J.: 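Got a structure for you, questions after.
Source: prediction; values computed, not measured.
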Amino acid sequence: MEQTIREMILQADDERNLDLICCVKEILDEFSSTHNCPLDWQHIGAALADEYPADSWVYENLDLCNFTETTEV
């Protein structure tokens with residue numbers, strides 16, 4: 001599943017396809033909020049958040065900031 005998501009992201013990024021990137025975002029959001037979803041699927045968003053720069057088109061359109069752990073001091 002992760003490879004499929006990554007391929008969709010690459011295509012969306014190459015084409016600047018907002019419809020496709022929005023579909024990916026919906027999938028990632030669903031994975032992260034579904035309790036019986038496989039753990040490796042739930043963590044795809046966090047892995048992507050670690051890979052893409054915060055100012056990238058992908059990071060912004062997928063709202064990857066929602067998949068990063070924030071710690072308060």
Side-chain angles (χ1 to χ4, degrees):
M1 180 56 68
E2 184 173 352
Q3 187 58 37
T4 300
I5 296 292
R6 290 179 180 280
E7 289 172 10
M8 291 172 68
I9 291 170
L10 287 175
Q11 180 178 348
D13 191 25
D14 286 345
E15 299 172 1
R16 290 294 195 251
N17 185 330
L18 288 174
D19 290 333
L20 183 55
I21 203 77
C22 286
C23 289
V24 174
K25 181 184 180 321
E26 289 177 22
I27 292 169
L28 292 176
D29 289 346
E30 190 68 31
F31 285 169
S32 69
S33 65
T34 303
H35 295 292
N36 61 349
C37 185
L39 284 178
D40 56 332
W41 291 12
Q42 289 179 343
H43 298 297
I44 294 172
L48 294 169
D50 288 340
E51 293 175 27
Y52 284 93
D55 62 348
S56 71
W57 185 85
V58 170
Y59 191 99
E60 291 175 5
N61 283 284
L62 292 179
D63 286 333
L64 292 177
C65 59
N66 295 330
F67 296 99
T68 60
E69 291 187 40
T70 56
T71 56
E72 294 184 24
V73 177

J.: Which atoms form the tightest heavy-atom contact between Ala49 and Thr68, and what is the distance?
T.: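 It is CB-CG2, 3.6 Å.
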J.: Using 0.5 Å steps for rounding, measure from the CZ atom of Phe67 to the OH atom of Tyr52.
T.: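 Going from CZ on Phe67 over to OH on Tyr52, the span is 13.5 Å.
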J.: Could you grab the distance from atom CD of Glu15 to atom CG of Leu10, nearest 0.5 Å is fine?
T.: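 The CG atom of Leu10 is 11.0 Å from CD of Glu15, to the nearest 0.5 Å.
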J.: State, to 0.1 Å, how close Ile27 and Met8 come at their nearest heavy-atom pair, and which atoms those are.
T.: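 For Ile27 versus Met8, the nearest heavy atoms are CD1-CE, 4.2 Å.
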J.: To the nearest 0.5 Å, how far apart are CG in Asp40 and CD in Glu2?
T.: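 Taking CG in Asp40 and CD in Glu2, the distance rounds to 8.0 Å.
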J.: Asn61 side chain to Trp57 main-chain N or O, any donor-acceptor pair under 3.5 Å?
T.: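 Side chain of Asn61 to backbone of Trp57: a pair is present.
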J.: Could you grab the distance from atom CG of Leu48 to atom CZ of Arg6, nearest 0.5 Å is fine?
T.: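 Interatomic distance, Leu48 CG to Arg6 CZ, rounded to 0.5 Å: 5.0 Å.
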J.: Minimum heavy-atom separation for Leu39 and His43, please, with both atom names.
T.: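 Reported closest heavy-atom pair: O-CD2, 2.8 Å.
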J.: For residues Gln42 and Cys37, report the shortest heavy-atom separation together with the two atoms involved.
T.: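 Gln42 and Cys37 have their closest heavy atoms at NE2-O, 3.5 Å.
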J.: Take Ile9 and Leu62, measure what side chain to side chain contact (heavy atoms under 4.5 Å, CB included) needs, and give me the verdict at the end.
T.: CA-CA 9 Å; Ile9 291 170; Leu62 292 179; 3.8 Å; yes
J.: In Å and rounded to the nearest 0.5 Å, what is the CG to CG distance from Leu28 to Asn66?
T.: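 Rounded to the nearest 0.5 Å, the CG-CG separation comes out at 10.5 Å.
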J.: How long is the straight-line distance from CD of Glu51 back to OH of Tyr59, given to the nearest 0.5 Å?
T.: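 CD of Glu51 is found 12.5 Å from OH of Tyr59.
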